[in-house]
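Before any comments, here is the structure.
Proteins get letters first, then strands, A, B, ... in listed order; numbering begins at 1 in each. Excluded from the calculations below are hydrogen atoms, water molecules and symmetry mates; all remaining heavy atoms, backbone and side chain alike, are included. All values derive from a computational prediction rather than experimental measurement.
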There are 2 protein chains.
Amino acid sequence: MGRASDKRERLIESATKLFHQAGCKDTSIADIAEDSGVPLGNVYYYFKSKDDLVSAVIEERKEAIKAEAMKWEANPDPKQRLLSLLDLQISRKDEIAKYGCPIGSMCQELDKERTPVAHKADGLLSWALEWVTRQFKEMGHKQADQFGLQLMATLQGCGVVANALKDPKVIELEIARLKAWIKEL
Amino acid sequence: MGRASDKRERLIESATKLFHQAGCKDTSIADIAEDSGVPLGNVYYYFKSKDDLVSAVIEERKEAIKAEAMKWEANPDPKQRLLSLLDLQISRKDEIAKYGCPIGSMCQELDKERTPVAHKADGLLSWALEWVTRQFKEMGHKQADQFGLQLMATLQGCGVVANALKDPKVIELEIARLKAWIKEL
DNA sequence: GTCTATATGTTGATAGAC
DNA sequence: GTCTATCAACATATAGAC
């Protein structure tokens with residue numbers, strides 16, 4: 001691919017958005033083609049199957065998360081890094097209340113599928129859990145594993161509850177509590 | 001319906017199981033018909049559409065939850081009632097790690113649909129949240145709203161994480177923590 | 001009330017002209 | 001590399017015999 005057009009990345013971009021908003025299953029290739037402005041038949045030049053496209057979306061999200069984490073790691077204080085993560089979640093509260101957590105909802109949806117990519121999204125969540133746990137370890141906590149789990153479960157949980165209640169305030173409240181907890185640790 | 005056959009309830013039973021295991025979208029009427037031993041065409045005698053069946057499944061779950069809650073309310077101590085809820089969740093840890101929380105995963109899946117029943121499952125989760133909050137209120141806590149949210153978010157969150165990691169231990173650990181917290185409140 | 005056969009619509013995927 | 005036309009599979013839902 002000496003000089004590829006930007007169609008591939010436009011397809012991934014549209015798919016990422018639509019999968020989050022409507023779910024992978026409810027988003028057809030035609031929907032993605034239309035949203036990205038790529039003709040239907042041409043999609044299969046870039047992705048040999050829908051699974052392949054789903055896989056690419058997950059891969060792209062993984063890169064985005066790792067890039068974000070790398071930015072935070074410029075800060076030498078692991079406690080501040082965790083607070084950065086929480087601030088990011090707060091800034092996304094409206095989106096999460098509308099469509100759920102992009103990672104969590106994708107894990108739950110794909111886990112029920114019987115396709116080859118079924119459990120690929122799980123890697124995103126477990127990577128995030130490991131990252132969070134690592135920060136607690138660097139803070140010197142022996143209960144780092146427990147704390148990491150506690151943080152991730154609350155983040156995922158307030159996403160589910162906020163989405164069910166369609167109320168971003170849920171995220172605001174729960175994350176405010178988490179921030180207070182982390183600050184005094 | 002003077003003397004109805006048990007086909008209607010068998011269909012709901014199969015649908016409840018399959019929707020949880022594979023998701024509503026991925027479970028076809030044919031799947032449900034086969035699992036329940038009811039011929040495909042006959043399903044539409046009992047439910048005029050798939051949405052109608054989904055709706056009935058949600059309704060049945062609601063009744064089951066309310067019945068369970070009523071049993072717990074025989075106990076005069078609200079703290080014990082909350083512990084009963086947590087014990088129930090622990091007893092279901094393997095199922096939840098495999099397929100996710102039946103309520104939470106249904107909320108997340110249906111929220112993305114564009115059908116008339118789209119947000120009906122949300123009522124289950126908000127009912128549970130209200131019930132939990134009421135127990136904290138009866139315990140005399142002024143922060144009952146916050147505590148209720150905290151409990152529900154953690155319950156839902158450990159379901160998502162356990163499902164992604166396919167590890168029931170996640171539920172065991174998080175709920176043990178919740179129980180300790182509630183006991184010393 | 002029960003069940004078979006089938007209509008109807010949508011989707012993922014392919015063929016093949018350009 | 002690009003795009004139109006279309007196939008094949010599968011889903012919901014209905015018609016109509018029993």
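- Other residues, nucleotides and ligands place more than 12 heavy atoms under 6.0 Å from the CD atom of B:Glu113.
- Using a cut-off of 4.0 Å between Lys/Arg side-chain N and Asp/Glu carboxylate O, A:Asp111 and B:Lys166 are scored as salt-bridged.
- Straight-line distance from the CG atom of B:Leu53 to the P atom of D:dA13: 10 Å, rounded to whole Å.
- Remark: B:Glu109 does not engage A:Lys112 in a salt bridge, criterion side-chain N to carboxylate O under 4.0 Å.
- A sub-4.0 Å separation between OP1 or OP2 of C:dT14 and a side-chain N or O of A:Tyr44 is absent.
- The side chain of A:Asn42 sits closest to D:dC3 out of C:dA13, D:dC3, D:dA13.
- Put simply, CD1 on A:Ile32 is 12 Å from C1' on C:dT11, counting in whole angstrom units.
- Contact annotation: B:Tyr46 reaches the phosphate of C:dT2 (side-chain N/O to OP1 or OP2, under 4.0 Å).
- Neither OP1 nor OP2 of D:dT2 sits under 4.0 Å from any side-chain N or O of A:Tyr45.
- Of the candidates C:dT11, C:dA13, D:dT2, the closest approach to any side-chain atom of A:Ser28 belongs to C:dT11.
- Rounded to an integer number of Å, the gap from B:Glu34 CD to D:dT12 C1' is 17 Å.
- Between the CG atom of A:Asp31 and the P atom of C:dT10 there is a distance of 12 Å, given to the nearest Å.
- By the 30° and 60° cut-offs, the orientation of the rings of B:His20 relative to B:Tyr99 is perpendicular.
- Summarising the geometry, the separation between CG on B:Leu18 and C1' on D:dA11 is reported as 16 Å, rounded to the nearest angstrom.
- Between B:Asp26 atom CG and D:dA11 atom C1' there is a gap of 12 Å when expressed in whole angstrom units.
- Among the heavy atoms of the strands lying under 4.0 Å from A:Thr27 are primed sugar atoms or P, OP1, OP2 only; no base atom is included.
- Rounded to whole angstrom, the span from the CG atom of B:Leu11 across to the P atom of D:dT12 amounts to 13 Å.
- Contact annotation: B:Lys25 side-chain N/O to D:dT12 OP1/OP2 distance is not under 4.0 Å.
- In this structure, CD1 of A:Ile29 is placed 20 Å from P of D:dA8, rounded to the nearest angstrom.
- Comparing atom distances between the A:Pro39 side chain and each of D:dA13, D:dT4, C:dC3 picks out D:dT4 as nearest.
- Taking the six-membered ring where the residue is Trp, B:Phe147 and B:His141 present perpendicular rings, their angle passing 60° and hence far from 30°.
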